[in-house]
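Along the sequence shown, residues carry numbers from 1. For ligands, and for the atoms within them, numbers begin at 1 and follow the listed sequence. Heavy-atom basis, side chains included; hydrogens, waters and symmetry copies ignored.
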Amino acid sequence: MRHASASNETMENSSLTMTDLFKICTQCERLSKKDVGVRIPRPVGNGPSRFIPEKEILQVSKLDKRIQSIFEDAFAVLGRLDNISLVMGFHPQYLENFLKTQHYLLQMDGPLSLHCRHYIGIMAAARHQCTYLVNLHVNDFLQVGGDPKWLNGLEEAPQKLQALGELNKILAHRPWLLTKEHIERLLKAEEHSWSLAELIHVVVLLTLYHSLASFTFGCGINPDIHTDGGHTFRPPSLSGYCACDIANGNGALEEMFGNQQVSELSGEVEVLMEKMKQLQECHDEEEASQEEMATRFEREKTESMLVVTSEDEECVPSRDVSRHFEDPSYGYKDFYRRGEHVPTLRVQDYSWEDHGFSLVNRLYPDFGQLLDEKFQIAYNLTYNTMATHQGVDTSMLRRAIWNYIHCMFGIRYDDYDYGEINQLLDRGFKVYIKTMVRTPEKITKRMYDSFWRQFKHSEKVHVNLLLMEARMQAELLYALRAITRYMT
Ligand SMILES: CC(C)C[C@H](N)C(=O)O
């Protein structure tokens with residue numbers, strides 16, 4: 001069994017002292033003289049994210065009192081402060097709600113037992129090979145008394161949980177294929193049946209962890225220090241820097257790889273702002289016909305199906321997590337290559353606001369409200385900035401991002417002109433979005449760096465929040481529609 005406990009790894013070079021290997025700063029020299037034989041683990045990554053310099057993330061919590069108190073509360077309630085929360089700290093208002101939702105979903109009274117909640121989280125994260133989340137929840141699962149045997153694979157979990165494999169798979173990759181028959185099979189399985197309330201809890205967990213996996217890869221989240229792969233007892237292998245520098249992320253890596261010629265790209269933001277202004281002006285003038293609007297949606301949807309990730313992109317190393325789910329080959333890629341058609345769901349026929357929200361609230365009281373707040377905070381979040389520009393109305397841009405993701409899931413807003421998406425989201429950005437939503441495990445630092453190069457890291461995290469919430473809402477919509485169809 002592999003789980004996230006402190007590693008038993010031994011320091012292979014224990015006969016060597018640090019000084020043999022590295023140049024050592026005076027502070028460390030003083031410390032090393034007082035060696036008392038305690039091995040101190042060192043984080044493997046440079047801070048909470050592989051993509052964002054640690055200094056920038058820490059800066060936020062140093063300057064902002066509100067963030068400090070959110071972090072303190074999070075630590076008290078969850079017993080840890082994970083790297084996801086640290087990165088979300090760029091957006092305190094969102095983080096506050098996110099932590100409240102997590103707490104409600106994982107720790108408060110609810111239809112599912114505590115260990116089942118974490119196991120379902122593991123299953124969902126494993127669909128995207130998200131080792132980070134798998135490790136986090138394996139830890140929690142064991143802590144709340146989960147049976148370690150289940151961690152050997154889905155086939156060792158109770159049949160009732162095994163039956164969720166299909167739902168997990170469809171929701172993660174082709175949620176529009178979900179039918180009331182899938183729901184019926186889960187609700188009418190004799191002694192292995194799920195209740196409706198339990199099922200709502202399940203779909204919320206599954207959709208949350210699929211989209212959180214997107215966020216995790218999208219922001220390059222590093223393993224937490226206490227989990228597998230998050231720490232080591234071996235000394236760092238870069239010479240010329242003191243071990244403490246490298247462990248703190250103050251080594252040369254950032255200078256070597258970070259911030260490539262941003263000056264080359266000046267004007268990118270201004271061009272985008274100009275396009276927003278023009279679109280705003282056109283809005284007031286002409287209106288396209290209904291057919292033309294429908295054609296624009298179809299065009300965008302078809303284009304969004306094209307696979308974009310190249311095979312030779314650097315791959316994120318991942319642990320073998322496939323045992324938590326079956327049929328690992330069931331992903332987006334093959335199916336899009338075959339050009340399967342995605343049907344259109346018109347928001348006027350089934351929307352979160354008018355249908356999904358009340359269904360969740362009815363079966364899992366208060367939770368609909370909490371989710372609704374989370375969606376709204378993400379959708380409406382703005383600082384009215386675009387890189388270095390202040391006082392900008394960014395609603396058009398944020399709406400284009402949200403609607404593009406829903407468009408990828410076949411969800412159409414009749415009153416939206418999908419032509420705007422093409423104007424506002426350039427190719428590189430679309431590549432990032434598509435990858436992040438469909439095959440997040442394929443996101444690379446190069447992809448993260450190459451979209452919106454003049455924007456701040458906090459803005460890229462903001463984009464990730466939008467993508468994550470839009471994805472979750474899209475999946476949830478299909479799950480809830482299938483449940484409604486079963487009930488009526
Ligand atoms: C995602 C970004 C375009 C958001 C922008 N910085 C804003 O505050 O609205």
Test log, rule side chain to side chain donor-acceptor pair (under 3.5 Å), inputs N168 and H210: CA-CA 9 Å; N168 184 22; H210 293 152; 2.7 Å; yes
Check: H457 ring centroid to H462 ring centroid under 6.0 Å: no
Reference residue K456; test side chain to side chain contact (heavy atoms under 4.5 Å, CB included); the match among K460, E459, Q454: E459
Can you list every pair where an N/O of ligand 1 is under 3.5 Å from an N/O on the protein?
from, atom 1, to, atom 2, distance (Å)
ligand 1, 6 (N), T385, O, 2.7
ligand 1, 6 (N), T385, OG1, 3.2
ligand 1, 6 (N), E459, OE2, 2.8
ligand 1, 8 (O), T382, OG1, 3.4
ligand 1, 8 (O), Y383, N, 2.6
ligand 1, 8 (O), N384, N, 3.4
ligand 1, 9 (O), T382, OG1, 2.6
ligand 1, 9 (O), T394, OG1, 2.5

Tabulate below the donor-acceptor pairs under 3.5 Å that side-chain atoms of residues 202-209 make, not counting sequence neighbours, or state none.
from, atom 1, to, atom 2, distance (Å)
T207, OG1, V203, O, 2.8
T207, OG1, V204, O, 3.1
Y209, OH, H137, NE2, 3.2

For V461, all residues meeting side chain to side chain contact (heavy atoms under 4.5 Å, CB included), sequence neighbours excluded: I52, V87, F90, H91, F215, C219
Partner residues of H355 under the ring pair (Phe, Tyr, Trp, His ring centres under 6.0 Å) criterion, sequence neighbours left out: Y350
